[in-house]
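Counting starts at 1 for both ligands and their atoms, in listed order. Residues: numbered from 1 along the sequence shown.
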Amino acid sequence: MPVMERPAGSEAVTTPILTTPGPILLLGAPGAGKGTQAKVLMMEWSIPQISTGDLLREMRKDPVKSASPLGRQIRQVMDAGQLVSNDLVQAMVLERLKLPDTRRGYVLDGFPRTLPQAVWLDQQLGRQNQALPVVAVNVQVSYTNLLRRLTGRRNCPTCGRIYNIYSNPPQNDTVCDVDGTALGQRADDSESIACERLRMHEALTAPVVAHYRDLGRFAEVDGELPVADVTRAVMDAIVRLRS
Ligand code: AMP
C-alpha cells in the first residue's frame, strides 16, 4: 500500500479500533468528501481504498489502454459525466478484490453507484465463505455546497495537490504553491457537467441508499462538519453497524 499523507484537517481524530472492518461503502454525491474520508479510514485501519473513478483514471493514463477503442470510449463517457457500463466497472472491481490486501476489509469509493451494481456486489460477497457483508455510510452535503466544491476544484498536474478557488485557494490564482505548475481542472468539474453528475448521482444512488437502508446496513453523517468530525462520525457509524 503506498505511503500517503493524511488529508488536511483529519489530524484530530481518535480512532476506534476495528480488527476486521470488512467491506465499507462510502456513499455521497461527487464533491461530498468521500475520497478524503476513504483515505483516513485506509490509513487508520490499514485497509485499501477501492475507487472505481481512480481505477478508470489510471486506465486512461496508460498510453496503450487509452489508445484502444475501449479506452477512447471510456474517456468520452467520463468526460461527459456519464456512467461507464456496469459490466466494465464490475470486471474491474472483481480483479481488484482478488488482491490479498482486501482480506481484512476495504473502503469502496464510487462503487456500487447503481442498484444493479449493489445487487451484484452482495451476490459476489455472498458466494465467499466468511466474507462480511457491505456496510454503507452516506456523507450528506447540500446541493449548493456540492456545486462550489466541484466547480472550484483545481489540481496540480505535477504534484497532485488539490485546491479549491473558494475554500482553499492557491496563493497565486492559477499556479501550484509547491512547484509553480499551472493548475488544471478535471473536465467533468465544469459547471454544466458537474450539474449533470449531481443530477445523475441523485437519481441513481437513491435506490442504492434504499437498498442498504432496508437491509439495516446503512448510516448517514453530516458532511458539512469539519473534516475530523466527519471522520469521527463515519468511524463511529461503521463500528456501530459492525457490532
Ligand atoms: P468519480 O471520481 O467517482 O466521480 O468517477 C469519475 C467518473 O468515472 C464517473 O463520472 C463515471 O464516468 C466513472 N465511474 C466511476 N465509478 C463508476 C461506477 N461505479 N459506475 C459507472 N461509472 C463509474
Side-chain angles (χ1 to χ4, degrees), residues 7 23-39 41-42 48-62 65-66 69-97 102 106-125 134 136-141 143 145-155 157 160-162 164 184-209 211-212 223:
I24 297 165
L25 167 59
L26 282 184
L27 289 166
K34 314 186 287 291
T36 302
Q37 297 304 331
K39 284 193 174 58
L41 293 183
M42 177 180 170
Q49 172 196 14
I50 302 181
S51 155
T52 40
D54 284 351
L55 290 174
L56 286 162
R57 278 185 288 276
E58 278 303 310
M59 199 165 155
R60 284 172 47 157
K61 274 194 214 149
D62 181 313
K65 287 182 186 155
S66 66
L70 179 63
R72 280 200 298 273
Q73 194 193 342
I74 291 172
R75 177 179 291 273
Q76 268 175 8
V77 170
M78 287 177 78
D79 285 352
Q82 303 289 323
L83 287 189
V84 171
S85 76
N86 286 341
D87 284 351
L88 180 75
V89 273
Q90 286 167 194
M92 243 171 41
V93 169
L94 204 55
E95 280 308 300
R96 181 64 187 84
L97 292 184
T102 58
Y106 43 91
V107 185
L108 291 162
D109 170 9
F111 181 92
R113 232 179 178 97
T114 64
L115 188 56
Q117 290 179 5
V119 171
W120 174 85
L121 181 63
D122 283 351
Q123 281 169 353
Q124 289 297 319
L125 297 176
V134 173
V137 179
N138 191 33
V139 181
Q140 182 67 39
V141 173
Y143 183 83
N145 281 333
L146 288 171
L147 209 52
R148 277 168 64 94
R149 288 184 184 188
L150 291 176
T151 58
R153 183 154 64 180
R154 299 291 182 275
N155 65 294
R161 179 176 279 225
I162 294 173
N164 188 290
Q185 186 181 29
R186 272 168 52 174
D188 58 357
D189 278 344
S190 70
E191 185 159 344
S192 59
I193 295 182
C195 287
E196 167 66 9
R197 286 167 71 203
L198 291 177
R199 193 195 58 72
M200 197 166 53
H201 169 82
E202 183 53 34
L204 292 174
T205 313
V208 177
V209 167
H211 175 74
Y212 289 109

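Contacts of Met92 with ligand 1, taken as heavy-atom pairs under 4.0 Å, are absent altogether. Contact annotation: for Arg197 versus ligand 1, heavy atoms closer than 4.0 Å belong to the side chain alone. Counting heavy atoms under 4.0 Å from ligand 1, residue Val84 touches it through both backbone and side chain.
Every atom of ligand 1 is numbered from 1 in the order shown, and the set under 4.0 Å from a heavy atom of Val89 is 17 (C), 18 (C), 20 (N). The contact set between ligand 1 and Gln117, taken as ligand atoms under 4.0 Å from a residue heavy atom, comprises 18 (C), 19 (N), 20 (N), 21 (C). Ligand-side atoms of ligand 1 in range of Gly110: 16 (N), 17 (C), 18 (C), 19 (N), range being under 4.0 angstrom from any heavy atom. Atoms of ligand 1 found under 4.0 Å from any heavy atom of Arg186, numbered from 1 in the order shown, are 2 (O), 4 (O).
At a 3.5 angstrom cut-off on N or O pairs, Leu83 does not count as close to ligand 1. Among the atoms of Asp188, none of the N or O lies under 3.5 angstrom from an N or O of ligand 1.
In this structure a side-chain-to-backbone donor-acceptor pair under 3.5 Å is present from Arg149 to Ala32. A donor-acceptor pair under 3.5 Å links the side-chain atoms of Lys34 to the main chain of Gly28, judged by distance alone. Without hydrogens or angle criteria, Thr151 side chain to Glu191 main chain gives no donor-acceptor distance under 3.5 Å. Using a distance-only test at 3.5 Å, with no hydrogens or angles considered, a donor-acceptor pair links the side chain of Arg197 to the main chain of Asp188.
Between Glu196, Arg113, Met78, it is Arg113 that holds the heavy atom closest to atom 5 (O) of ligand 1. With Leu56, Thr52, Leu204 as candidates, the residue nearest to atom 14 (N) of ligand 1 on a non-hydrogen basis is Leu56.
Residues Arg96 and Thr102 have side chains in contact (heavy-atom distance under 4.5 Å, counting atoms from C-beta outward).
Partner of Tyr106 under the side-chain contact (heavy atoms from CB on, under 4.5 Å) criterion, out of Ile50, Ile24, Leu25: Ile50 alone. Among the candidates Leu56, Val77, Leu83, Thr52, the single residue satisfying the side-chain contact (heavy atoms from CB on, under 4.5 Å) test with Leu88 is Leu56.
Heavy-atom separations between Met200 and ligand 1 are all 4.0 Å or longer.
At the top of the distance list for atom 6 (C) of ligand 1, counting protein heavy atoms only, stands Arg57 NH1, 3.5 Å. In terms of protein heavy-atom proximity, atom 10 (O) of ligand 1 is closest to Gln82 O, 4.0 Å.
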Worked verdict on Leu125 versus Val134 for side-chain contact (heavy atoms from CB on, under 4.5 Å): CA-CA 8 Å; Leu125 297 176; Val134 173; 3.5 Å; yes
From CA spacing to verdict: side-chain contact (heavy atoms from CB on, under 4.5 Å), Met59, Ile74: CA-CA 9 Å; Met59 199 165 155; Ile74 291 172; 3.6 Å; yes
